[in-house]
Amino acid sequence: MTSFAEDLERGRWDVEYFALRFLGVHLHPGQVRMGLAYLARNPTGWRPAYLDLCVSAGNRAGKTLALAVIIMHSCIYKMGSRPPEDGTDVALKRWQQSPYMWFHFAIAQEVADLAYIEIVNILKGVHVAQLEGRCPLSDEVPNVAQYDKKYQGEYRWIVFNSLLGGAEVHFRTTGEKALGSLGRDMHGVSFDEAGIEPRLEWIIKNVLHLRRLGTGGQLWLISTPEAGITEFADRWFMGDPEQPDRSLRKFSMRMSSRSYIGFGLDQDMFDDLVADMDDDH
């Protein structure tokens, strides 16, 4: 195999290595922990161990960047999809050409587009987390993805090169209770700032959960606070590792803004800005 193929093979089970080798992004420990939870598999070796994952993260903790890396990794490797039953060219080609779609949601289109911007900036090699100012994957795979067109002229949409499996990422709002996504199989679902969605539980049970019945895809819920009387808080505590009755198919974690110091936040400026904040904030 070529060195590129060998590196790509290694990256399947190492998100931290994948991010650095192919995206030029150095993940901080909190982001690495997100990647490890995402990669955990059940006894099949290819289905995810955790179906629902909740991340409560501070402002500027790097949650959207970590999610962008996970989305790209999942799409390129088609994580969670049944692998080819044999190694024949026919089976491999069928798997490579099989559809794979990730849907990313937010309460408003502007918020949903934040993950889109993260991915596009990474692919362009202009993301602030890329210290060398380049994206190795884009350098090595011509036209690595199409991201300059909207899906049916309505919302942001990314399609990866067919050489990388041709997976799609759709960036949508939960307006009209996300009903525009009914009928679509979802191999991965993410919801940014889920804590401010007042109909979160209804949307999960009546739309998102049903769209992954045929795929077994993961559902990522990301938000800034988990405290308070919100549906996101209830979801978060279902996967809290400290709860003895938590669901084994759910995983929840916190990620501090302090984790991003040295990776996008400056220590001195951070200290100055939080000096006058009350303890709760």
side-chain hydrogen bond (donor to acceptor under 3.5 Å, both in side chains) evaluation trace for T215 with Y100 = CA-CA 9 Å; T215 66; Y100 191 95; over 6 Å; no
key: Within 6.0 Å of CG in D245, more than 12 heavy atoms from elsewhere   = yes
note = Correct closest heavy-atom pair for V159 and E168 would be CG2-CG, 4.1 Å
ask   = Can the ring centres of F160 and Y147 be said to be less than 6.0 Å apart?
value = no
ask   = Which heavy atom in E118 sits nearest to a heavy atom in A68, and how many Å separate them?
value = CB-CB, 3.9 Å
task = Working to the nearest 0.5 Å, report the span between CG of L164 and CG of L8.
result = 7.5 Å
ask   = To the nearest 0.5 Å, how far apart are CD in E154 and OG1 in T173?
value = 12.0 Å
ask   = Out of curiosity, S252 OG to Y50 OH, how far, rounded to the nearest 0.5 Å?
value = 10.5 Å
key: Carboxylate-amine/guanidinium proximity below 4.0 Å for R212 and D52   = yes
query = So, Y38 versus H73, ring centres under 6.0 angstrom or not?
reply = yes
request  = Grab the two heavy atoms, one from M253 and one from R33, that are nearest each other, plus how far apart they are.
outcome  = CB-NH1, 3.6 Å
Donor on one side chain, acceptor on other, W102 and S190, under 3.5 Å = yes
key: Ion pair E231/R199, N-O distance below 4.0 Å   = no
key: Name of the residue among L67, L137, L123 meeting side chain to side chain contact (heavy atoms under 4.5 Å, CB included) with M72   = L123
inquiry  = Quick check on side chain to side chain donor-acceptor pair (under 3.5 Å): which of Q109, H170, K150 does Y155 satisfy it with?
reply    = H170
request  = Inspect the contact between E140 and R21 and indicate whether a charged nitrogen and a carboxylate oxygen are less than 4.0 angstrom apart.
outcome  = yes
request  = Is it possible for you to check whether K149 lies under 6.0 Å from the centre of the six-membered ring of W157, through NZ or CZ, and within 45° of that ring's axis?
outcome  = no
key: Closest contact, heavy atoms only, R246 versus G239   = CD-O, 3.8 Å
